[in-house]
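What's counted below: heavy atoms across the whole structure, side chains too, no hydrogens, waters or symmetry copies. In what follows, every chain begins at residue 1, and chains take the letters A, B, ... in the order their sequences are listed. Model, not experiment: these values are computed from the prediction.
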There are 2 protein chains.
Amino acid sequence: MRSYNQYCAVAKALDVVGDRWTLLIARELLIGPCRYGELQQSLPGMASNLLASRLRNLEGAGVVVRDAESRYVLTPWGEHLAEPVQALARWGAPLMSVRKEGDAFRSQWLAAAVGVIFGGVDPGRPPFVAEIRADGAPVTMESSQGRVQFRSGPASAPNLVLSGPPDAIIGLLAGRLNQDEAEALGVSILGDLHPLAEMRRADWLTGPEICQVESTS
Amino acid sequence: MRSYNQYCAVAKALDVVGDRWTLLIARELLIGPCRYGELQQSLPGMASNLLASRLRNLEGAGVVVRDAESRYVLTPWGEHLAEPVQALARWGAPLMSVRKEGDAFRSQWLAAAVGVIFGGVDPGRPPFVAEIRADGAPVTMESSQGRVQFRSGPASAPNLVLSGPPDAIIGLLAGRLNQDEAEALGVSILGDLHPLAEMRRADWLTGPEICQVESTS
DNA sequence: CTGCATCCGGGCCGATACTG
DNA sequence: CAGTATCGGCCCGGATGCAG
């Protein structure tokens, strides 16, 4: 990307990660190291030359390095992209209330949603393990010592198993839908949902009321 | 911008504010309502048609509205862009250690820097007023009740007056430079600098050591 | 088969000129 | 003052090619 040529930290940051697709690459690498092909699968619609170019730029800027298995890994500085990426996710969360026709979905993207809804540390949180199957490979959400962690793969001894369409699962996690509404949308629920409510961030707002979703383009 | 077509909060957010220049427009509007012409002056290098187009998009998305004087103002949802913008500024802060030849500077951009270095609430902060003149109109930084506020215009009864080149001023505020080093770079200092150290965020790191600034393009 | 590089059409970006 | 019009060029997106 052409530099903004502004002596301002926001502009400098965008000089590095402001290109189209770049922050979505960071979103994937924040979950863990990735091969080139894994990134391609996680970024449907992105041209292969663009992915290669973005990765080169990020490598040159010191955000990403290659590991011994030639996977792409965030540097310590790159790991700190977690904060702006999560802040953007929190800001964009109201737009998730409806899933647009044709929107792609990958189960690992629940990691961002989980970070947004259950982020931070809260000693009052109960220990809890949930396994989630939303349109793909199962992922596990685990609350322990006040912190909610996320990883891909099934859970060994879950307190809760959710499976169904992604938008209904997210509505349930976000607290926008209750058990009956979610089941009506095709979610199958095994276990008790009530601990979810105690695990949400204190500042989490259930509804998307802050942004009016307009239909007039 | 073309939509990413991903059912993910980060992608949805970037569908709205991921376009080139858009987050810099938000940076300006976060300081306060702006006329079209003020935005143009604050965004050197941005084409006029692009500014008009971005403002239309933001208005359509519900991020911006026009007030009675036809100024552009953030909606409540738009105000919440403060978090992602500040997070980006914090992430990009290490890149501010050197000012590149040709980088533009506006005194109001100190607002972002002040937010990054002195953001949040800390009851231990002493009350303090500083007037800063960095290459332009004077701006005022005021600490009261644990919170540091920023506004444009001179201070009425400052404890500290700083004037000089922007990079040296920022180095001083960030704690990268001491009084002698800053004065050697042309900063004139009236008053006591020591309260600044007590006002910085507890997690503020002085140096840019986290990102190696490489010269090999 | 993975990990890119090349090519090409279309659209976005950047600069300047122009208008109510 | 607040935008609109226009045009060259670069970036983006999709398909294809190719080397290890």
Under 4.0 Å between a side-chain N/O of B/R56 and OP1 or OP2 of D/dT4, yes or no? yes
Can you measure B/L51 atom CG to D/dA2 atom P for me and round it to whole angstrom units? 11 Å
State, with a plain yes or no, whether a side-chain heavy atom of A/S152 is found less than 4.5 Å away from one of A/Q108. no
Do A/V16 and B/W91 have side chains that approach each other closer than 4.5 Å (heavy atoms only, starting at C-beta)? yes
Spacing between A/R71 atom CZ and C/dT2 atom C1', to the nearest angstrom: 15 Å
Rounded interatomic separation in angstrom, taking CE from A/M46 and P from D/dC11: 14 Å
Report yes if at least one side-chain N or O of A/Y72 is closer than 4.0 Å to OP1 or OP2 of C/dG3; otherwise report no. no
Could you tell me whether the phosphate oxygens of D/dC12, OP1 or OP2, come under 4.0 Å of any side-chain nitrogen or oxygen in A/R54? yes
I need the minimum non-hydrogen distance between B/G186 and B/P165, along with the two atoms involved. O-CD, 3.7 Å
Closest-nucleotide ordering on DNA chain C, the 5'-leading residue of A/S53 and B/S53: A/S53
What I want to check is whether an N or O donor and acceptor connect the side chain of B/S48 with the base of C/dT16 at under 3.5 Å. no
Rounded to whole Å, how long is the line connecting atom CG of B/D67 with atom P of D/dA2? 11 Å
Can you figure out which of C/dC4, D/dG14, C/dA15 approaches the side chain of B/A47 most closely? C/dA15
Side chain of A/N49, heavy atoms from C-beta onward: which of C/dC7, C/dG14, C/dC4 has the nearest atom to it? C/dC7
How about B/V148 and B/V114: do any of their side-chain heavy atoms sit closer than 4.5 Å? yes
At under 4.0 Å, does any side-chain N or O of B/R66 touch on OP1 or OP2 of D/dA2? no
Distance in angstrom units between B/Q40 CD and D/dG3 C1', rounded: 8 Å
Can you work out whether A/R2 or A/G37 has the more 5'-proximal nearest nucleotide on DNA chain C? A/G37
Among the nucleotides C/dA5, C/dG14, D/dC12, whichever has the atom closest to the side chain of A/D19 is D/dC12
Quick one: is B/Y4 getting a side-chain N or O under 4.0 Å of the D/dC12 phosphate, OP1 or OP2? no
Protein-nucleotide distance (B/L58, atom CG; D/dG3, atom P), rounded to Å: 14 Å
Between P of C/dG14 and CG of B/L24, the distance in whole Å: 11 Å
If every non-hydrogen atom of B/L88 is compared with every non-hydrogen atom of A/A13, which pair is closest and at what distance? O-CB, 3.4 Å
In this structure, how many angstroms lie between the P atom of D/dC10 and the CG atom of A/L50, rounded? 16 Å
